[in-house]
Amino acid sequence: MSEKISPVSIAVLVSGGGTNLQALIDAQKSGIIKHGKINIVISNNPEAYALKRAENAGIDTCVISGKEYKSKAEFEKRLVETLENKGVELIVLAGFMRILSGDFTSIYKDRIINVHPSLIPSFCGEGFYGLRVHEAALSYGVKVTGATVHFVNEIPDGGRIILQRAVNVRDNDTPETLQQRVMREAEWQILPEACELVSKKISMMGEGYEYI
Ligand code: GAR
């Protein structure tokens, strides 16, 4: 008789509206994500609407605000404790607006993924987040942009790419219209897909998992 493999325990880290979190919740419901299960949503912002989305879906939430800790190291220590308490095996950054230190990312090698709203290596790295990414793409005049899901290491937006999807820029785009289209056509598709891909690898390879 075949043994049933339990789903990989996932934490989603958020800071804002949480539309990418919603895409993950919906993908879990519809069975696109089947090798992982979102067990906790952690926000560094107590006002994030993403927390409400998690509550509506019956997922545990936790606020760890950087402002309450003297240093980044203390903030990250609390983060690690929370993740360990929940037995988290995969961390998904879905609009999480803090850069994690090399100390943190090395604990979770190949176990942190992030969605970024451009085709890396364009318009990425420190200072490129949210609407700013789309403002930069429009002012450069690119005709194609998109989104990337990548592993997170000590270099901001520098880890290995897992999935990318391109989106055409239109002549009359504003940063806001471009952001919406990149989300709808790229981010909300590839983040759940990448989440399932990585969860499947972890569940098949167990403790000794190293992504290849
Ligand atoms: C998304 O566009 C995400 O790609 C971006 O912030 C937005 C969050 O929206 N993340 C970054 O720029 C990280 N560098 P959401 O809260 O509605 O998912």
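These numbers come from a predicted model, not from an experiment. Order of appearance sets the numbers: ligands from 1, and atoms from 1 within every ligand.
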Query raised in the report: Closest approach of Thr148 and Leu119, non-hydrogen atoms and distance?
Result: OG1-CA, 3.6 Å
Report task. Check Thr82 against Ile40 and note the closest heavy-atom contact, atom names and distance. Result -> CG2-CD1, 3.9 Å
Query raised in the report: For ligand 1, does Phe96 get within less than 4.0 Å through its side chain, its backbone, both, or neither, judged by non-hydrogen atoms?
Result: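 Neither; no heavy atom under 4.0 Å.
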Identity and distance of the protein heavy atom lying nearest [atom]:
atom: atom 6 (O) of ligand 1; answer: Met97 CE, 3.2 Å
atom: atom 1 (C) of ligand 1; answer: Glu187 OE1, 3.2 Å
atom: atom 17 (O) of ligand 1; answer: Thr19 OG1, 2.6 Å
atom: atom 7 (C) of ligand 1; answer: Met183 CE, 4.0 Å

For ligand 1, is there an atom lying under 4.0 Å from some heavy atom of [X]?
X: Tyr49; answer: no
X: Gly130; answer: yes
X: Gln22; answer: no

Query raised in the report: Mind checking whether Phe96 and Phe75 have parallel, tilted or perpendicular rings, split at 30° and 60°?
Result: parallel
Query raised in the report: Relative to the heavy atoms of Phe128, which atoms of ligand 1 are at a distance of less than 4.0 Å?
Result: 14 (N)
Check: [X] side chain, [Y] main-chain N or O, donor-acceptor pair, under 3.5 Å:
X: Glu76; Y: Ser101; answer: yes
X: Ser15; Y: Met97; answer: yes
X: Arg165; Y: Ala147; answer: no

Requested in this report: Flag Asn114 as yes when one of its N or O atoms lies below 3.5 Å from any N or O atom of ligand 1, and as no otherwise.
Outcome: no
Query raised in the report: Can you find an N/O atom of Asn20 closer than 3.5 Å to an N/O atom of ligand 1?
Result: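 Yes, at least one N or O pair falls under 3.5 Å.
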Report task. Report yes or no: is the cationic atom of Arg111 (NZ for Lys, CZ for Arg) under 6.0 Å from the centre of the six-membered ring of Phe151, at an angle within 45° of the ring normal? Result -> no
Requested in this report: Could you pull out, from Gly18, Gly95, Gly16, the option with a heavy atom nearest to atom 16 (O) of ligand 1?
Outcome: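 The nearest heavy atom belongs to Gly18.
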Report summary line: Note: heavy atom closest to atom 14 (N) of ligand 1, options Arg53, His116, Arg98, belongs to His116
Query raised in the report: Looking just at side-chain N and O atoms, do Ser106 and Glu154 make a donor-acceptor pair shorter than 3.5 Å?
Result: no
Query raised in the report: Between Asp173 and Arg181, is the closest basic N to carboxylate O distance under 4.0 Å?
Result: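 Yes.
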